[in-house]
Amino acid sequence: MVESPCVDRCKIIQRTGVCRGCGRTLAELKAWKEASDAEKSAILDLLPARAPLMVESEQEQFVL
């Protein structure tokens with residue numbers, strides 16, 4: 001079982017399209033519950049490279 005990377009800071013940054021807390025996209029967040037362990041692992045492998053996209057500015061707008 002692959003654990004969720006969620007840290008309860010869920011807001012999608014409009015500029016980057018990723019969650020400010022975990023780095024997943026909205027589509028990845030929605031698909032997580034039904035995703036296979038292989039699919040979840042593939043998503044987790046992408047997250048370290050998204051770290052710069054998770055930094056929000058003072059004027060940031062959010063999708064969710």
Hydrophobic cluster of Trp32, others only, ordered by chain and residue number, side-chain cut-off 4.5 Å: Val2, Ile43, Leu44, Leu47
Student check: side-chain heavy atoms of Arg9 and Glu56 closer than 4.5 Å: yes
Residue Gln61 excluded, over 12 heavy atoms near CD under 6.0 Å: no
Of all pairs that satisfy side-chain hydrogen bond (donor to acceptor under 3.5 Å, both in side chains), the ones with a partner from residues 40-53, not counting sequence neighbours: Glu28-Arg50
Distance in Å, Cys22 SG paired with Leu29 CG, rounded so as to fall on 0.5 Å steps: 5.0 Å
Side chains of Met54 and Thr16 in contact at under 4.5 Å (non-hydrogen atoms): no
Pairwise side-chain contact, Phe62 with Ile12, heavy-atom cut-off 4.5 Å (strictly under): no
Over all atoms of both residues, closest heavy-atom pair of Ile13 and Leu53: CD1-O, 3.6 Å
